[in-house]
Amino acid sequence: MTHRHKSPSEMTGDLGLVNGEEQCVYMAGNSLGLQPKKVKVYLEEELDKWAKLAVHGHFDGARPWVYFDEIISSSMASIVGAKENEVALMNGLTVNLHLLLLAFYKPTAKRNKILLEEKAFPSDYFVIASQIEMHNLDPTSCMLLVTPREGEQTLRREDLLSTIEREGDTIAVILLSGVQYLTGQLFDMASITHAGHNMGCVVGFDLAHAVGNVELSLHEWGVDFACWCSYKYLNSGAGGVAGAFVHEKCMHSVKPVLIGWWGNDRENRFTMENKLKLIPGVRGFRLSNPSIFLSCSLQASLEIFTEASMPALRKKSVQLTAYLELLLQRIINAESKEQLKRLKLKMITPTDPVQRGCQLSLQIPMLSQPVLQELERRGAMCDIREPNILRVAPVPLYNTFGDVHRFVKLLKDSFLAVILKDQNNIP
Ligand SMILES: Cc1ncc(COP(=O)(O)O)c(C=O)c1O
Ligand SMILES: Nc1ccccc1C(=O)C[C@H](N)C(=O)O
């Protein structure tokens, strides 16, 4: 659950500290979502079908493999606030970012920059730098990095908008996250899109930490393109099939640079003539035939989202995170234990619910890794991003208010255990 390498036995709690009968408290759904019960059932159905029908499985059965991704696209589209033909399920997130930038980043002598966050997720940073280099341009001058103000951790909306207004003439593409992976900040995607378009920029979002976490209206906001992975809040399993969005308005004007047979119209695809009838919009960006296994694990998850609905999930999420915040603030302010002050804890996620999803990020300047180890010994899971940010994500689909209460108690116990062990190293 963390980026560190751990053996499975290390993952289990310390039986001297936990009740072996009790389930752990899982607050790491922002990194990898938990497995929906139906995943196993659906996977077994498809394994069985493969064993019995083999090649006929492409077109036969309840999930015809050749177009099953399209069948589940409609529930995916409603989660991101898109029309069905504005969404494709394909590849992984980083691959989709590349494919979309290939089509949308068309630098000119005057307008050649990509605006991104200074602390963008490394994969996004690498994608952008390499796309710029591909045009024989210099990433140091073409990457316009937005940074928080001195002493602040998150970006102010007004600063983002004024940067777009000031530098917009030179910006080809604005590529921000919807929810920032480290700080948990939710960006105002509607006004960023509006400001970007006013200045003639293309606007895209990486929704890895936003999809299934906050409500999205990509079509209505007029976002040009977006992409996301499905293994975090969407619970499709590690390496699950990723999503891509291209707005309907770009359907005929923006074409994929790389083309494969899956972008070819289904009627033409199997005629085996080298004639391309490119599917307009994002579905024309598909290259290979999709994996039925990835599609059916995502199906199991999307069914739950459709039943629960994003508005209801978000409503619970706002309350759950507010409760977590309240309890964490008591620890930060050391209301009951004076020693806790010594850890100099700081919440870096915005306090305004409109500016965050479910995740809260806590900066632990000292001894963050030992805190995580103590937490796991006590049967609680979340993660740390280097150097010292503890990310805690109460997920409304499967976390309860009781989980939040238990988690914070275990976190407090972990802080106290670390302080006790490290008396000499903490000033
Ligand atoms: C913001 C962001 N971008 C990119 C990635 C990498 O995605 P993938 O490995 O699915 O390509 C992740 C998470 O892994 C992420 O959170
Ligand atoms: N796919 C992974 C494989 C191994 C370790 C982490 C990941 C993550 O997805 C990390 C996540 N993107 C993050 O927000 O840090």
Side-chain angles (χ1 to χ4, degrees), residues 1-8 10-11 26-35 76 80 88-102 114-131 145-146 154-155 174-187 189 204-214 216 225-245 285 287 291 294 297-298 301 348-349 356-362 368-369 372 381-393 395:
M1 300 309 160
T2 73
H3 58 289
R4 290 173 303 123
H5 296 283
K6 303 181 92 188
S7 72
E10 274 181 293
M11 290 307 299
Y26 192 72
M27 294 279 170
N30 56 332
S31 190
L32 188 86
L34 293 181
Q35 186 184 116
M76 184 75 259
V80 296
L89 294 169
M90 57 188 191
N91 315 309
L93 168 56
T94 305
V95 177
N96 287 347
L97 256 181
H98 269 300
L99 296 178
L100 290 165
L101 279 180
L102 276 175
I114 299 183
L115 179 135
L116 69 153
E117 308 137 66
E118 183 197 29
K119 293 239 168 86
F121 192 82
S123 201
D124 300 32
Y125 189 97
F126 300 146
V127 165
I128 292 170
S130 61
Q131 288 278 336
L145 301 174
V146 281
T154 51
L155 287 159
I174 294 170
L175 181 50
L176 295 168
S177 51
V179 171
Q180 222 281 340
Y181 84 100
L182 195 60
T183 64
Q185 180 178 17
L186 165 60
F187 293 112
M189 288 174 262
F205 289 97
D206 176 337
L207 302 174
H209 290 260
V211 69
N213 179 15
V214 295
L216 298 165
F225 71 90
C227 45
W228 55 92
C229 55
S230 62
Y231 47 80
K232 300 176 189 298
Y233 298 102
L234 291 186
N235 312 315
S236 75
V241 61
F245 164 90
F285 282 63
L287 298 170
S291 156
L294 299 184
S297 68
L298 182 58
S301 167
I348 63 166
T349 309
R356 67 187 186 201
C358 74
Q359 172 188 325
L360 292 182
S361 302
L362 197 61
S368 51
Q369 285 297 350
L372 190 67
M381 279 186 221
C382 63
D383 69 14
I384 287 215
R385 283 292 167 262
E386 297 296 346
N388 54 23
I389 307 293
L390 187 85
R391 304 188 304 175
V392 186
V395 171

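Note that ligands are numbered from 1 as they come in the structure, with each ligand's atoms numbered from 1 the same way.
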Next on the checklist: Could you work out, for atom 14 (O) of ligand 2, the closest of His209, Gln180, Arg385, Gln359 by heavy-atom distance?
Outcome noted: His209
Checklist entry - How many angstroms lie between CG in Leu390 and CD1 in Ile384, if you round to the nearest 0.5 Å? => result 5.0 Å
N/O to N/O under 3.5 Å, ligand 1 against protein:
residue, atom, partner, partner atom, Å
ligand 1, 3 (N), Asp124, OD1, 2.7
ligand 1, 3 (N), Asp206, OD2, 3.1
ligand 1, 7 (O), Tyr231, OH, 3.3
ligand 1, 10 (O), Tyr231, OH, 2.7
ligand 1, 11 (O), Thr94, N, 2.9
ligand 1, 11 (O), Thr94, OG1, 2.5
ligand 1, 14 (O), Tyr231, OH, 2.9
ligand 1, 16 (O), His209, NE2, 2.9

Item to check | Short N or O distance, Lys232 and ligand 2, threshold 3.5 Å exclusive | outcome: yes
Item to check | Main-chain N/O of Ser236 paired to Ser301 side chain as donor or acceptor, under 3.5 Å | outcome: no
Checklist entry - With Ser297, which residues qualify under side-chain hydrogen bond (donor to acceptor under 3.5 Å, both in side chains), at least two apart? => result none
Checklist entry - What distance separates Asp206 CG from Leu175 CG, expressed to the nearest 0.5 Å? => result 7.0 Å
Next on the checklist: Determine whether Thr94 and Ser123 satisfy the following criterion, side-chain hydrogen bond (donor to acceptor under 3.5 Å, both in side chains), listing intermediate values before the conclusion.
Outcome noted: CA-CA 7 Å; Thr94 305; Ser123 201; 2.8 Å; yes
Item to check | Glu117/Gln185 under side-chain hydrogen bond (donor to acceptor under 3.5 Å, both in side chains): CA gap, chis, key distance, verdict | outcome: CA-CA 12 Å; Glu117 308 137 66; Gln185 180 178 17; over 6 Å; no
Item to check | Main-chain N/O of His209 paired with Asn213 side-chain donor or acceptor, under 3.5 Å | outcome: yes
Next on the checklist: Which of the numbered atoms in ligand 2 are under 4.0 angstrom from any heavy atom belonging to Phe121?
Outcome noted: 12 (N), 13 (C), 15 (O)
Item to check | Close side-chain approach of Phe285 to Asn91, heavy-atom, < 4.5 Å | outcome: no
Checklist entry - Relative to the heavy atoms of Tyr231, which atoms of ligand 2 are at a distance of less than 4.0 Å? => result 1 (N), 9 (O)
